[in-house]
Amino acid sequence: MTVSNEEKWMNKKISRRDMLKLTGIGVAGVAIGASGLGGVMKAMGYDVFEPVADSTTASNKVNFYGSHQSGIVTPVQTNIYFASLDVLVTSKKELQELFQQWTPLVVRLMNGELMADVSSNTRVPTGDTGEAEGLDAANLSITIGVGASLFDKLGMQHLKPAELKDLPHFPKDQLLKEYTGGDLCIQACADDPQVAFHAVRNLVRAASGKVEIKWSQSGFNSFPAGGGTPRNLFAFKDGTVNPSITDEKDLKKVVWVDKGWLQGGSYLVARKVQMHLETWDRTSLKDQEATFGRYRDSGAPMGKTKEFDDFDVEAKDDKGNYIMPDTSHVHLARKSGARILRRSYSYASGVMSNTGTHDAGLIFISFQKDPAQFTTIQNSLGRMDKMNEYITHRGSAVFACFPGVQKGSYLGEALFNAL
């Protein structure tokens with residue numbers, strides 16, 4: 001790595017007394033105060049907003065700059081660390097500075113770099129927590145979004161899109177407050193779980209005193225050796241009917257917002273869905289396939305032979321019975337007529353202390369140009385969906401994910417230009 005502003009700053013000779021003055025702490029010990037590491041660096045004359053370029057030499061690198069944020073139509077990685085945050089700042093100016101501060105740091109992380117170069121000065125906290133040192137970029141993508149509550153907190157209601165609101169109550173919702181909502185979100189996806197976690201950990205650390213984590217969830221995907229659709233913990237393929245991530249015309253219809261300060265962005269729906277694996281494991285394969293409306297091994301719709309075969313949900317056999325059961329998940333979802341881009345991951349978080357059963361399921365993520373697309377599908381599933389016997393929705397949130405960033409700009413600039 002070349003010598004950076006971070007390294008120059010961190011190598012400055014700072015007395016213990018000066019550091020205590022800067023961080024606003026007493027003789028009890030050295031800790032970074034409410035302004036966070038970025039605030040201390042700024043006080044020392046370091047430009048925390050200096051642009052950083054996408055690396056052209058990094059291995060397994062996803063570009064940050066572009067028309068859209070990464071992590072939406074980026075090829076799905078094997079791991080996710082998703083965090084919903086509450087903001088602690090009280091002014092629009094502070095919020096703007098947070099996004100300006102985060103922008104070059106996100107680029108560095110996606111370049112496979114540390115947040116700050118290694119320093120020989122051991123008298124101050126390190127600029128990076130260090131657990132990703134020696135790892136490559138691992139196709140890290142970072143996606144930032146804002147929730148409806150943020151606009152209410154900071155007096156920006158006039159800029160809150162009408163589409164950005166809490167989802168209505170659905171059957172099988174037993175939402176837990178600790179897994180619901182949030183002012184901001186960070187979605188970090190990578191082909192290494194430690195790289196994804198490191199990204200969120202360090203962005204939150206850099207914003208110490210400005211944000212705090214409300215809830216988070218890690219997740220994983222596994223892909224067949226020859227490529228193909230990953231399977232969820234029910235062993236069925238997940239994401240078969242997604243729009244093609246290379247079909248820009250279709251993505252404009254399904255994913256990208258086309259108006260206002262969010263133009264070029266997308267709405268993210270996050271749902272934490274507990275899967276009742278013990279109940280599922282006692283269910284016959286025939287009933288499992290009738291629940292999904294697909295064959296488990298091939299992923300093909302019932303009555304078809306290949307995963308991507310098209311199908312008619314109204315098709316019946318010679319006895320007048322639906323070929324694909326009309327209570328199946330796929331039948332009801334297709335019948336809604338709505339489409340979304342799924343980007344879901346499985347999770348396993350130990351056991352439920354009250355039952356001894358697996359605390360496992362799906363961290364469901366979808367992107368759409370309007371959350372109403374998701375709501376339409378859920379309303380179609382309703383109480384008829386046979387899947388309801390095997391799942392319970394525990395968490396829910398909706399975020400507006402900013403459009404992409406051009407070099408010299410910053411995350412969310414269009415929002416602040418509209419103030």
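Sequence positions, counted from 1, serve as the residue numbers for this chain.
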Is there a side-chain contact between [X] and [Y], using heavy atoms and a 4.5 Å cut-off?
X    : Y    : answer
F234 : Q288 : no
H393 : Q378 : yes
N60  : D191 : no

- Sequence neighbours excluded, the answer for side chain to side chain contact (heavy atoms under 4.5 Å, CB included) partners of D152 is Q157, K160

- Check side chain to side chain contact (heavy atoms under 4.5 Å, CB included) between T180 and all other residues, then give those that pass, not counting sequence neighbours. L175

- Determine, step by step, whether E97 and K210 satisfy the salt bridge (charged side-chain N to carboxylate O under 4.0 Å, His left out) criterion, reporting the C-alpha distance in whole Å, the side-chain angles of both residues, the deciding distance to 0.1 Å, and the verdict. CA-CA 10 Å; E97 289 179 350; K210 301 174 184 177; 5.7 Å; no

- Query: With the threshold set at 4.0 Å, does a side-chain nitrogen-carboxylate oxygen contact exist between R201 and E131?
  - Reply: yes

Identify, with sequence neighbours excluded, every residue that meets ring pair (Phe, Tyr, Trp, His ring centres under 6.0 Å) alongside [X].
X    : result
H329 : none
Y179 : none
F402 : F99
Y347 : none

- Message: Between F292 and M387, does the side-chain contact (heavy atoms from CB on, under 4.5 Å) criterion hold? Intermediate values first, please.
- Response: CA-CA 7 Å; F292 269 92; M387 188 74 72; 3.4 Å; yes

- Query: Is the count of non-hydrogen atoms from other residues, nucleotides or ligands lying under 6.0 Å from D166 atom CG greater than 12?
  - Reply: no

Going by distance alone, is a donor N or O of one side chain under 3.5 Å from an acceptor N or O of the other, for [X] and [Y]?
X    : Y    : value
Q96  : Y410 : yes
E389 : T291 : no
D183 : S149 : yes
N111 : K61  : yes
H198 : D192 : no
Q368 : S266 : no
T240 : E307 : yes
T129 : N202 : yes

For residues [X] and [Y], report the shortest heavy-atom separation together with the two atoms involved.
X    : Y    : answer
L262 : C401 : CD1-O, 3.2 Å
T143 : Q69  : CA-OE1, 3.4 Å
Q274 : H358 : NE2-O, 4.1 Å

Spacing of [atom1] belonging to [X] relative to [atom2] belonging to [Y], to within rounding of 0.5 Å:
X    : Y    : atom1 : atom2 : answer
F82  : C189 : CZ    : SG    : 9.5 Å
S366 : F374 : OG    : CZ    : 6.0 Å
L154 : L159 : CG    : CG    : 11.5 Å
I245 : T74  : CD1   : OG1   : 7.5 Å

- Can you label the angle between the Y390 ring and the W280 ring as parallel, tilted or perpendicular, going by 30° and 60°? perpendicular

- Task: Step by step, work out the side chain to side chain donor-acceptor pair (under 3.5 Å) result for S91 and E94.
- Result: CA-CA 5 Å; S91 71; E94 290 174 298; 3.1 Å; yes

[X]: which residues meet the side chain to side chain donor-acceptor pair (under 3.5 Å) condition with it, sequence neighbours left out?
X    : result
S346 : none
E248 : W256
Q77  : S141, R343
Y322 : E314

- Task: Establish, yes or no, whether a centroid distance under 6.0 Å links the rings of W261 and F416.
- Result: no

- Query: Is the gap between the ring centers of Y345 and F220 under 6.0 Å?
  - Reply: no

- Pairs involving residues 62-80, ordered by first then second residue, that meet salt bridge (charged side-chain N to carboxylate O under 4.0 Å, His left out) (sequence neighbours left out):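 Found none.
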
- Task: Can you tell me which residue pairs pass the salt bridge (charged side-chain N to carboxylate O under 4.0 Å, His left out) test with a partner in residues 261-281, sequence neighbours excluded?
- Result: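 Salt bridge (charged side-chain N to carboxylate O under 4.0 Å, His left out) check on residues 261-281 returns D173-R271.
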
- Is R294 close enough and on-axis enough to F236, meaning under 6.0 Å and within 45°, for cation-pi?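 No - R294 does not lie over the ring of F236 by the 6.0 Å and 45° rule.
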
N/O donor-acceptor pair under 3.5 Å between [X] side chain and [Y] backbone:
X    : Y    : answer
S380 : I377 : no
R231 : R296 : yes
D326 : N321 : no

- Query: For M110, which of V52, I142, D54, N63 qualifies under side chain to side chain contact (heavy atoms under 4.5 Å, CB included)?
  - Reply: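 Going through V52, I142, D54, N63 one by one, the side chain to side chain contact (heavy atoms under 4.5 Å, CB included) with M110 is satisfied by I142 alone.
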
- In this structure, which one of T355, T392, T357 forms a side-chain hydrogen bond (donor to acceptor under 3.5 Å, both in side chains) with H276?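 Testing each of T355, T392, T357 against H276, the sole residue satisfying side-chain hydrogen bond (donor to acceptor under 3.5 Å, both in side chains) is T392.
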
